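Notes follow once the structure below has been shown.
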There are 2 protein chains.
Amino acid sequence: MTDNSTKRRGTQTIELKNPPKIISTFSVVGPKEGLGPLKQYFDKILNDDTCGKDSFEKAESDMMFTAIKEAIRGASLKETDINYLFSGDLLNQIISSSFAAREFSIPFFGLYGACSTMSESLSLAALMIDGGFAEYVVASTSSHFSSAERQFRFPLEYGAQRSQTAQWTVTGSGAMVLGKSGDFPEIRYVTTGLVKDYGFKDANNMGAAMAPAAVDTIYKHFKDTGRTPKDYDIIATGDLGAIGKEITEKLLLEYGYDISGNYIDCGDIIFNKEEQNTGAGGSGCGCSAVVSTGYIYKRLMKKEIKRVLLVSTGALMSTTSSLQGESIPGIAHAVSIEND
Amino acid sequence: MTDNSTKRRGTQTIELKNPPKIISTFSVVGPKEGLGPLKQYFDKILNDDTCGKDSFEKAESDMMFTAIKEAIRGASLKETDINYLFSGDLLNQIISSSFAAREFSIPFFGLYGACSTMSESLSLAALMIDGGFAEYVVASTSSHFSSAERQFRFPLEYGAQRSQTAQWTVTGSGAMVLGKSGDFPEIRYVTTGLVKDYGFKDANNMGAAMAPAAVDTIYKHFKDTGRTPKDYDIIATGDLGAIGKEITEKLLLEYGYDISGNYIDCGDIIFNKEEQNTGAGGSGCGCSAVVSTGYIYKRLMKKEIKRVLLVSTGALMSTTSSLQGESIPGIAHAVSIEND
């Protein structure tokens, strides 16, 4: 029997009464990510970012297949133990996810949240377990520099010059298996974001476009839960990069919340930005996916940290909307992951 | 207090213990759909399928905005009463949904299930209410002939000849508002689909590509729940069209289920196929959206029918995956909608 009477907190937050546990994760990254500062935290570093496939799109799907398969194996479960798979990615019609899901006999909910997909899939996976609908659920996402670059920007062969504010799409995939019990980090709060659009139109400065959404969701999370920045060891936005991170920090200060002491951005820390020539930092669904399944989860498991607020951030535009003169709406979803 | 102990049925089905009600729906269709056999059931028939916008993509988003806004109004609710919006569509990066969601202050989960999105969004919306996470949730989707045609097939200006097996993307959007109480049709079962791929590669015969997914989900629904075709007044697949419908019916007979007596396909009935020159029938997320929010919901409300199994079906390919020689995976999600 579950007490459902008091799950809602404020306007955008759920407090999970039977907090699901993240019982296993797996991260796969490309060679470049494997040279970055977080390399020790990733489960698999590819030598070849084509994964032996004849297209980057197939390679991305293969990475996600590996992340899901290995996360399930890491939980000592079989595919048939998993009740649902929640997954999405950046590619048109989320083919990385759909073609990965084709390889499993797991009921599949396809998502699109752009780079917010790790916390979107994690939110829904957690709610499915807390709601009593599932024993085990997988949440996953991916991105690939070469498939994203040619879909959203320019063919790689152009060798186009990149602006300093542009971000570098992470090649990587992360998957998490959620279950009901065990000594694992648990999900306590889920704060679901609103679409926010402050009129930014520069697709080479996505951090600025997504920052208002991150600010809004973090602010609502604090307001809804009564928590403050000090309640977290790490507050991690998805992939705002150096510029979006600075904006987010400043704007939240205006709302009365100083997050400077424990704030990281996954895109800001995944590369040595200058040495690795990655502009304002990493981006892509895979960015917060591999930082959360790698760096954050492993530190939580070692009890080096106690509470993390993961806030993956997405820019909800397409090349068509940008060509038609539209601005770039952003969204951010927050999930608190904590040791008891 | 909710009894969560017995929600799961078989491998893919949830029995909702506090069945959410569909308290309001709204359907918007284009001029061509407004000339078809179901015209009397639609809430709004556009005279101009551009909705006064300067692109078909903006028109599609505007249609969805209207469907959501009017469905909320029809439930005598305000935007702030709605806890979540689940929505997706066919366009790259689901811009119809994201740009519609931008106009509302409602926490937003973006989905991609291709043409299965109506039952995907409805499934998740229902689970959110049954799980105690929400009072009111909106599920919606859309498609537009002109935005889909140029994204997936050819520019309209080519005047390309269409094959007989091809389907005609429905211009339309449907939204449903789910709540907890009132004398409305309720959602009893949610059967979530697996991705099924039988190797079909013909993007001009999507009905055949999606039929195996429809068959699998309907079969699992019967197996999981113990129900039979006779338990439903209508079993409605999403948009298999005439060809996919015939395959589905035959294959289910091989599994021992004869659905011929009460089986319709939304794509098969939305147009006068020969007169309106729509090949094998209608398709697109909007197809099952407007048939379910229009024709099916209104007949349920008039108590002309008692139980419906809505099985929206999606083809999960992209133009990129097809150009790379991939086959077309399909998915189908089933939701039972019933009067007490």
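Numbered from 1 within each chain, the chains take letters A, B, ... in sequence-line order. Predicted model only: the values in this text are computed from it and were never measured.
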Just give me the residue among [options] that pairs up with chain B most often, heavy atom to heavy atom, under 4.5 Å.
{"options": "A:Ser116, A:Ala101, A:Gly110, A:Ser97", "answer": "A:Gly110"}
{"options": "A:Met128, A:Glu57, A:Glu15, A:Gln12", "answer": "A:Glu57"}
{"options": "A:Ile94, A:Thr320, A:Ile331, A:Leu127", "answer": "A:Leu127"}
{"options": "A:Glu135, A:Met317, A:Glu326", "answer": "A:Glu326"}
{"options": "A:Ile14, A:Val190, A:Asp54", "answer": "A:Ile14"}

Do [X] and [Y] make a side-chain contact, defined as non-hydrogen atoms from C-beta onward lying under 4.5 Å apart?
{"X": "A:Lys201", "Y": "A:Ile328", "answer": "no"}
{"X": "A:Glu120", "Y": "A:Tyr112", "answer": "no"}
{"X": "B:Leu16", "Y": "B:Arg188", "answer": "no"}
{"X": "A:Thr11", "Y": "A:Asp224", "answer": "yes"}
{"X": "A:Leu178", "Y": "A:Lys21", "answer": "no"}
{"X": "A:Ser98", "Y": "A:Phe108", "answer": "yes"}
{"X": "A:Phe104", "Y": "A:Lys69", "answer": "yes"}
{"X": "B:Val195", "Y": "B:Asp197", "answer": "no"}

Proximity breakdown for [X] and chain A, heavy-atom pairs closer than 4.5 Å:
{"X": "B:Thr191", "result": "neither"}
{"X": "B:Arg150", "result": "side chain"}
{"X": "B:Ser147", "result": "neither"}

Heavy atoms under 4.5 Å from chain A: which residues of residues 210-222 of chain B carry them? none

Under 4.5 Å, heavy atom to heavy atom: which of residues 82-90 of chain B reach chain A? Give them by number, or say none. B:Asn83, B:Tyr84, B:Phe86, B:Leu90

Under 3.5 Å, is there a donor-acceptor pair between the side chain of [X] and the main chain of [Y]?
{"X": "A:Ser96", "Y": "A:Glu60", "answer": "no"}
{"X": "B:Ser61", "Y": "B:Ala100", "answer": "yes"}
{"X": "B:Ser318", "Y": "A:Gln93", "answer": "no"}
{"X": "A:Gln167", "Y": "A:Asp239", "answer": "yes"}

Where do A:Glu103 and A:Glu79 come nearest, in terms of heavy atoms and distance? O-OE2, 4.3 Å

Under 4.5 Å heavy-atom distance to chain B, tell me which part of A:Thr80 shows up: side chain, backbone, both or neither. neither

If I measure from the heavy atoms of chain B, does A:Ala114 come under 4.5 Å with its side chain, its backbone, both, or neither? neither

To the nearest 0.5 angstrom, please state how far the CG atom of B:Asn92 sits from the CZ atom of A:Phe152. 8.0 Å

N-O pairing of A:Asp62 and A:Lys58 below 4.0 Å: no

Full working for salt bridge (charged side-chain N to carboxylate O under 4.0 Å, His left out) between B:Lys7 and B:Asp130: CA-CA 10 Å; B:Lys7 286 182 177 176; B:Asp130 186 76; 3.2 Å; yes

Most heavy-atom pairs under 4.5 angstrom with chain A, which of [options]?
{"options": "B:Thr192, B:Ile95, B:Leu124", "answer": "B:Thr192"}
{"options": "B:Pro107, B:Gly325, B:Ser123, B:Ala134", "answer": "B:Pro107"}
{"options": "B:Gly113, B:Gly314, B:Ser321", "answer": "B:Ser321"}

